[in-house]
There are 2 protein chains.
Amino acid sequence: MTDSTRQRILDTAEQLFADQGFHATTLRQITREAQVNLAAVNYHHGSKDALILAVFQRRLDELNSERLARLQSVLDASDPPDLEKVLGAFIYPALLLSTQSAGDGGRFMRLLMRAWAENATQLHGTIARQYSHVMRAFADAVSRALGTSPDNLRQQLDFLIGALTYTMAETTDGQVEETARALVRFGCAGLRDSALAQPRQTSLKENIA
Amino acid sequence: MTDSTRQRILDTAEQLFADQGFHATTLRQITREAQVNLAAVNYHHGSKDALILAVFQRRLDELNSERLARLQSVLDASDPPDLEKVLGAFIYPALLLSTQSAGDGGRFMRLLMRAWAENATQLHGTIARQYSHVMRAFADAVSRALGTSPDNLRQQLDFLIGALTYTMAETTDGQVEETARALVRFGCAGLRDSALAQPRQTSLKENIA
DNA sequence: GTCTATACAATGATAGAC
DNA sequence: GTCTATCATTGTATAGAC
């Protein structure tokens, strides 16, 4: 098969990256374990950095689709959407992914924090572009739930993303539900309180993260 | 001078790491720019990973000392300490460091997120050990400000650390005060609300992050 | 103790045959 | 698409000068 090579590389790379980190994992190790030729990685993905990026793209596509689907359900349920449920639609799929991503023990999302490192320019930029659509949708939903302008929420949503990202790296299988509930509660309180402070509608310069 | 070589390596490495990332920066580039011999890095620091760790140690020592000093001032001011000021003592020095660290343009703390990547085991573990003293002191102060057990605050403080870390990577010079105020407010609201949910005193298994 | 010059195995990447 | 052979560059180790 021609396409199975590409996918086999992706699967093996994801597992090895999660276990050993990006730098410690060599292309020779990946290709040996995936039973493909060394040059196949560069042929199918271009470079090692591009392979790392491809590993992320696949998971982030799942994650963001799931988030948007859940958000739509929440928006359909009530017109001023429920803030807790909006944040839940953002947080819960991420924590789920962090502990049970497709086959491997569940250590995939530890890579998200690992990944900010290495090729920060290319990878962080691409991830940000991936998130920008989702971020816009959620910022809009949160703003309607609170009755404030979406612009003022960017910073607080960044706080939430930071807390979520950091938490993903530390959460293990059994704690997903409990952790998600705690983080939703934490974020709701912070957002509601910040909304009281800035009820006006000003616009800040764009700062996508 | 005998000590200037070690420090020159540290300074040059910090700047290059911040600009290009850890992996992209080679030892030959560092030693060339610092005008020292290639082997000097391994002689003074042991390895490239150890050099990365040393770069962090230096800044984290400053940061944690500053945090504890400010915390002491807050504790001296009033016996049930003011929660806003406690969080400020934790957050403000970090954001300051992230934008104006010792000479270089201020891109140092961008490394903190970058760093969780590469040698996650050794570096993340050592950083956690560095933070554990500070974390304990702040958890204690927050618990007294709220009137709850410190154990129940671990998770919420982790949320705050995540938000802070993520924010540090994105904050630029002019936004320190404003960002710190917003993050303090966000964290206070989350902590106060979570304290209402769990006023009991149970103990969870240790999970230092 | 510090520093230098040099050497080494392993890595990511590429070119060209099939 | 896949493979073999090969390249420049990397982090690290060592031997020896000051």
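Below, chains carry the letters A, B, ... as their sequence lines are ordered, and counting in each starts from 1.
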Report all side-chain donor-acceptor pairs from residues 81-89 of chain A shorter than 3.5 Å, counting only partners two or more places apart or in another chain.
from, atom 1, to, atom 2, distance (Å)
D82(A), OD2, K85(A), N, 3.3
E84(A), OE1, R192(A), NH2, 3.1
E84(A), OE2, R192(A), NH1, 3.4

Gap between atoms CZ and P, on R8(B) and dC3(C) respectively (whole Å): 9 Å
Is T5(A) close enough to dT2(D) that one of its side-chain N or O atoms is under 4.0 Å from OP1 or OP2 there? yes
To the nearest Å, how far apart are H45(A) NE2 and dT14(C) P? 15 Å
To the nearest angstrom, the CG-P distance between L16(B) and dT10(D) comes to 13 Å
dC3(C), OP1 or OP2 - any side-chain N/O from H44(B) closer than 4.0 Å? yes
Distance in Å, L71(B) CG paired with N64(B) CG, rounded so as to fall on 0.5 Å steps: 11.5 Å
Quick one: I9(A) CD1 to dC3(D) C1', roughly how many Å, whole number? 13 Å
OP1 or OP2 of dC3(C) versus the side-chain N and O atoms of Y43(B): is any pair under 4.0 Å? no
Output side-chain donor-acceptor pairs under 3.5 Å for residues 31-40 of chain A, partner residues at least two apart or in another chain, one line each.
from, atom 1, to, atom 2, distance (Å)
T31(A), OG1, L27(A), O, 2.9
T31(A), OG1, R28(A), O, 3.1
N37(A), OD1, A39(A), N, 2.9

Find the distance K48(B):NZ to dA13(D):P and express it as a whole number of Å. 15 Å
R181(B)/E178(B) ion pair, N-O < 4.0 Å: no
Please give, in whole Å, the distance from dT11(C) P to N42(A) CG? 14 Å
Pairs touching residues 65-76 of chain A that satisfy salt bridge (Lys or Arg N to Asp or Glu O under 4.0 Å), sequence neighbours left out: E66(A)-R70(A)
Categorize T31(A) for me: base, sugar-phosphate, or nothing, with a 4.0 angstrom heavy-atom threshold over every strand shown. nothing
For each nucleotide in nucleotides 5-10 of chain C, reading 5' to 3', give B when a protein heavy atom comes within less than 4.0 Å of its base, S when such contact involves only the sugar-phosphate, and - otherwise. B-B---
According to side-chain hydrogen bond (donor to acceptor under 3.5 Å, both in side chains), who are the partners of T12(A), at least two apart in sequence or on a separate chain? none
Which residues share a side-chain hydrogen bond (donor to acceptor under 3.5 Å, both in side chains) with R58(B), sequence neighbours left out: D11(B), E14(B)
Spacing of L27(B) atom CG relative to dT11(C) atom P, expressed in whole Å: 17 Å
Would you kindly give the CD-to-C1' distance between Q35(A) and dG1(D), to the nearest whole Å? 18 Å
